[in-house]
S.K.: 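Here's a structure for you.
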Amino acid sequence: MTKICCIGAGYVGGPTMAMIAKQCPDVRVTVVDINERRIAAWKTDDLPIYEPGLLEVVREARGRNLFFSTDVDQGIRDADIVFVSVNTPTKTFGEGAGCASDLQYWELCARRIKEVSTSDKIIVEKSTLPVRTAEAMERVLHAGDNPIHFEVLSNPEFLAEGTAIADLENPDRVLIGGHETASGQKALQTLVDIYATWIPRERILTTNVWSSELSKLTANAFLAQRVSSINAISALCEATGANVTDVAHAIGTDSRIGPKFLKASIGFGGSCFKKDILNLVYLCESYGLQEPANYWRSVVAMNEYQEARFVKTMLRSMFNTIANKRIAILGFAFKADTGDTRESPAIKVCRELAGEHAKLVVSDPKALDNARLEMPELADQIEFEPDPYKAAAGAHAIAVLTEWKEYKQLDYQRIYDSMVKPAFLFDGRNLLDHDALYGIGFEVYAIGRGRKSHLK
Ligand SMILES: NC(=O)c1ccc[n+]([C@@H]2O[C@H](COP(=O)([O-])OP(=O)(O)OC[C@H]3O[C@@H](n4cnc5c(N)ncnc54)[C@H](O)[C@@H]3O)[C@@H](O)[C@H]2O)c1
């Protein structure tokens, strides 16, 4: 029986390993983490992350061939294949601060693997890493007189939070990078065979390690670039009277462009896009490629512009003062169907509104626990309220910041009736029916569509 250990029981490690365990009952999968609370939660039905369909997958395999443990060393020692899925955040200190990846967790894992292993292993980079990280890892793993052989593969994860289970069950592709040596190709084939249990072989792409590492950064950079591109156009739409939804539809029907990732909004968030683009910027700069670095940096700059522009629109339309005005924030997760708030545009929007002395009431169906942790410095100014009707009652404005489908189904007449007039609604996700809201009496502001106002 093949034994897999995954270091890191987060948004990637948990779902990916649960899917492998579900699809491959003959493979024993142990997910290990130093975070005791996380591991304890994975053993219950109150999982540490929210992801539609995840609990069912975990329940099917847990206790059969899927295990969770804090015994990292034992997990590594027992395994034939070790996936490393630890966090690789942006560095906040020293050389490359604010841009480069902080690889300390990764390197710690490599040292641990070397320290405790008593047999040869395949090491799989699941975390998103800068190009040529595998080389550094190999140096750490093989330093000194180590008789054990470690073969490092790159297998970046392309799942999107909110649709992780569907993405894992039926991925567009799985990418595996291996060295072009006999042992590299053998290890690569071992991993291909695991995925081939449920994924058609033509969708399992194999490359060398460096191409695989770079493909993940490139994929995220391209996705984020589309969001920034349509957001740049949304500003022009507001200035000219064009409608960004119509423009996006018109260009998206061109098969060379395609319709996905063309939704104008307050901007992208999540733990990956910004971090991975900045990592790409840092890589370009370290190879002396300043123009490519500048190009990719502008994608992040446009995202920041869009967040700031949204707050400015709120301020200007509410007569240039929001001090002491109650504002209901509907949605704090960085996207719908997740409780993840990392790098959520809502953080920046709330901070800026609080800076104008607004009184904020944050509501979200799944992300309130994380939201509370994001802005401890604003504890006096922010209320957290799971019920959107209670959040909106007595408010001057509502800002929709996450595209939860629940928010489409609210009774907006009831909400309008409970608000201070004029009642403002700022739709940061272009989620709602703006004509209907205007008909109720709201002052409606959307992204890239201008405003619908009853005010003279
Ligand atoms: N979140 C996503 O949507 C996504 C998608 C694709 C790729 N990725 C990449 O996958 C990686 C993991 O992302 P995530 O969102 O799952 O992160 P996460 O922060 O949710 O999880 C990482 C886990 O690793 C654990 N960990 C850190 N150091 C450890 C150590 N030395 N030993 C044992 N456990 C340790 C942490 O306790 C944490 O639980 C990152 O590189 C990220 O860029 C994330």
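Here the structure is a predicted model, which is why all the values come from computation and not from measurement. In listed order, ligands and their atoms are each counted from 1.
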S.K.: Taking the inter-plane angle between the rings of F273 and F261 on a 0 to 90° scale, is it parallel (under 30°), tilted (30 to 60°) or perpendicular (over 60°)?
M.R.: tilted
S.K.: Parallel, tilted or perpendicular: which one describes the rings of H142 and F150, with boundaries at 30° and 60°?
M.R.: tilted
S.K.: Tell me whether R28 at atom CZ has more than 12 heavy atoms from other residues, nucleotides or ligands lying less than 6.0 Å away.
M.R.: no
S.K.: Quick one: list whatever passes side-chain contact (heavy atoms from CB on, under 4.5 Å) with A134, sequence neighbours left out.
M.R.: E125, V152, V209, W210, E213
S.K.: With sequence neighbours excluded, tell me which residues meet salt bridge (Lys or Arg N to Asp or Glu O under 4.0 Å) with R64.
M.R.: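 Testing R64 for salt bridge (Lys or Arg N to Asp or Glu O under 4.0 Å), a comparison that skips the adjacent residues, returns none.
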S.K.: Tabulating one pair per line, provide the atom names and distances (0.1 Å) for every N/O atom of ligand 1 that is less than 3.5 Å from a protein N/O atom.
M.R.:
from	atom 1	to	atom 2	distance (Å)
ligand 1	1 (N)	E161	OE2	2.7
ligand 1	3 (O)	E161	OE2	3.2
ligand 1	15 (O)	R342	NH1	3.4
ligand 1	15 (O)	R342	NH2	2.9
ligand 1	16 (O)	Y11	N	3.0
ligand 1	16 (O)	V12	N	2.9
ligand 1	20 (O)	Y11	N	3.3
ligand 1	20 (O)	R38	NH1	3.1
ligand 1	20 (O)	R38	NH2	3.4
ligand 1	21 (O)	R38	NH1	3.3
ligand 1	37 (O)	D33	OD1	2.6
ligand 1	39 (O)	D33	OD1	3.4
ligand 1	39 (O)	D33	OD2	2.6
ligand 1	39 (O)	R38	NH1	2.8
ligand 1	41 (O)	T88	OG1	2.5
ligand 1	41 (O)	T128	N	2.9
ligand 1	43 (O)	T128	OG1	3.4
ligand 1	43 (O)	K275	NZ	2.5

S.K.: Under the salt bridge (Lys or Arg N to Asp or Glu O under 4.0 Å) test, which residues partner D78, sequence neighbours left out?
M.R.: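 With neighbours one apart ignored, the set is empty.
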